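What you see is a predicted model, and the numbers here were worked out from it, not measured in a lab. A note on names: the letters A, B, ... follow the listed sequences, proteins ahead of strands, and every chain is numbered from 1.
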There are 2 protein chains.
Amino acid sequence: MPTPQVASCAFSDEHNHQRCIRTALATAERLCADRRCRLTPVRKRVLELVWQSHTPLGAYQILAQLGDEGFNSAPPTVYRALEFLQEQGLVHRIASLNAFTGCCAPDRQHHGYFLICRQCGRAHELEGQPLSQALREQAARQGFMVEAETVELTGLCPHCREPLA
Amino acid sequence: MPTPQVASCAFSDEHNHQRCIRTALATAERLCADRRCRLTPVRKRVLELVWQSHTPLGAYQILAQLGDEGFNSAPPTVYRALEFLQEQGLVHRIASLNAFTGCCAPDRQHHGYFLICRQCGRAHELEGQPLSQALREQAARQGFMVEAETVELTGLCPHCREPLA
DNA sequence: TGCAAAACTGTTATGTTATAACAGGATTGT
DNA sequence: ACAATCCTGTTATAACATAACAGTTTTGCA
């Protein structure tokens, strides 16, 4: 079993998140080098900002931070960077939040399935290749060929459930 | 097995869609009467417009049509009607399209899982209580309690696949 | 019936998210 | 060195959604 490049960490507070970020950036550098595509300064910084946030980040939140740092800060700048990062599988867009989050395993082939906590706002990738298989089979039964999957489950994460238990 | 109130019809052209619409409206009338809530003229008309469309309808498309008919046509009018209809389970919102579509089985307890054709733009509800069960179990394994589910599969519907085969 | 509370609608304004279109600059391959 | 490609800057605008407050209709109940 291959070691994941970036530990999934969204629901666990007690870890060195700086390390997560560094690892994520290093992985991105490597992937882009392999693929002969360019992780330019804006793109890299956007990826870093996305990773730095506990919770999925809206495009305009990213934009504001870039602006503070002297980067150009018109919307297309951010949307272009995000588009690139999505194409490379480095970030996922969460449709139900209109927000973006770092991908925990950009080199592993997968779809972004998410668990989204309505309390703390964190989003965590849901494990489960078999689920995708099941979804696709059910769709096929209705004659439908699936190309992309949006699966976003909202509820309470372990931490936020605790006080209620 | 109870007969569904409204045949699911999004991917089948050859049927009397007027009948679907009438049935959907009649079901809505009945449900609202049972629940002692008010299917007012705007709400009813919005539901009808949503049903009349082949493809999921954006709020501003609905708004434009209401305007043409002399209804008040500021955004809140439509969003309020849609909110009501969603609460009553009469329409679903499709997050990945920012659009709304009629619910095929408003009296049956279910979540809106969708198959969305990227070619013709139609959306079809995906059957499958077992899938929900599987998703919830997988989430539970990660300590997460699911409250709401967004499942939207994009791809090609039977009709649009045909020419390719 | 009459009145207060609740539900619904009208209206204005504004907030939020995303893209079009075109110009200019950097990088790459040959 | 230079042409092609890719990337970024900039302005404008499109598309989606809600806040806040005023007025009207309906409902429940004394």
**Report entry** Interatomic distance, B:L63 CG vs D:dA14 C1' [rounded to whole Å]
**Finding:** 15 Å

Query raised in the report: Roughly how far, to the nearest 0.5 Å, is the CZ atom of B:F114 from the NE2 atom of B:H124?
Result: 10.0 Å

Requested in this report: Using a cut-off of 6.0 Å, state whether more than 12 heavy atoms not belonging to B:R19 lie near its atom CZ.
Outcome: no

Report task. Spell out, as yes or no, whether a donor-acceptor pair under 3.5 Å connects the side chain of A:E152 to the backbone of A:S96. Result -> yes

**Report entry** Separation of atom CZ in A:F84 from atom C1' in D:dT5, rounded to whole Å
**Finding:** 15 Å

Requested in this report: In whole angstrom, give the distance that lies between atom CZ of A:R36 and atom C1' of D:dC6.
Outcome: 16 Å

Query raised in the report: Does the side chain of B:Q133 pick up a donor-acceptor pair with the side chain of B:R136 at under 3.5 Å?
Result: no

Query raised in the report: Would you say A:V146 and A:L135 make side-chain contact, with heavy atoms under 4.5 Å?
Result: no

Query raised in the report: B:E87 CD to C:dA7 P: how many Å, rounded?
Result: 12 Å

Report task. Send over the distance from A:L66 CG to D:dG9 C1', rounded to a whole Å. Result -> 14 Å

Query raised in the report: For B:T23, which of B:L25, B:I21, B:T27 qualifies under side-chain contact (heavy atoms from CB on, under 4.5 Å)?
Result: B:T27

Report task. Could you state the atom-to-atom distance from CD1 of B:I62 to C1' of D:dC16 in whole Å? Result -> 12 Å

Find every protein N or O atom lying less than 3.5 Å from an N or O atom of nucleotides 15-19 of chain C, and list the pairs.
| from | atom 1 | to | atom 2 | distance (Å) |
| --- | --- | --- | --- | --- |
| C:dA18 | OP1 | A:R93 | NE | 3.4 |
| C:dA18 | OP1 | A:R93 | NH2 | 2.1 |
| C:dA18 | OP2 | A:Y79 | OH | 3.0 |
| C:dA18 | O5' | A:Y79 | OH | 3.3 |
| C:dA18 | N7 | A:Y60 | OH | 2.4 |
| C:dA18 | N6 | A:Y60 | OH | 3.2 |

Query raised in the report: Once the angle between the rings of B:H17 and B:H54 is folded into 0 to 90°, is it parallel (under 30°), tilted (30 to 60°) or perpendicular (over 60°)?
Result: tilted

Report task. Identify the two heavy atoms, one from A:Y60 and one from A:P75, that lie closest to each other, and give their separation to 0.1 Å. Result -> OH-CG, 3.4 Å

Requested in this report: Heavy atoms under 4.0 Å is the rule here; annotate nucleotides 22-30 of chain C 5' to 3' with B where the base is hit, S where only the sugar-phosphate is, and - elsewhere.
Outcome: -----S---

Requested in this report: Under 4.0 Å between any heavy atoms, over every strand shown, what does A:R43 touch: base, sugar-phosphate, or nothing? Just pick one.
Outcome: sugar-phosphate

Query raised in the report: Any side-chain N or O of B:N72 under 4.0 Å from OP1/OP2 of C:dT9?
Result: no

Report task. Round to a whole Å and report the spacing from CG of B:L39 to P of C:dA7. Result -> 17 Å

Query raised in the report: Are any of the side-chain nitrogens in A:R80 or A:E83 under 4.0 Å away from the carboxylate oxygens of its partner?
Result: no

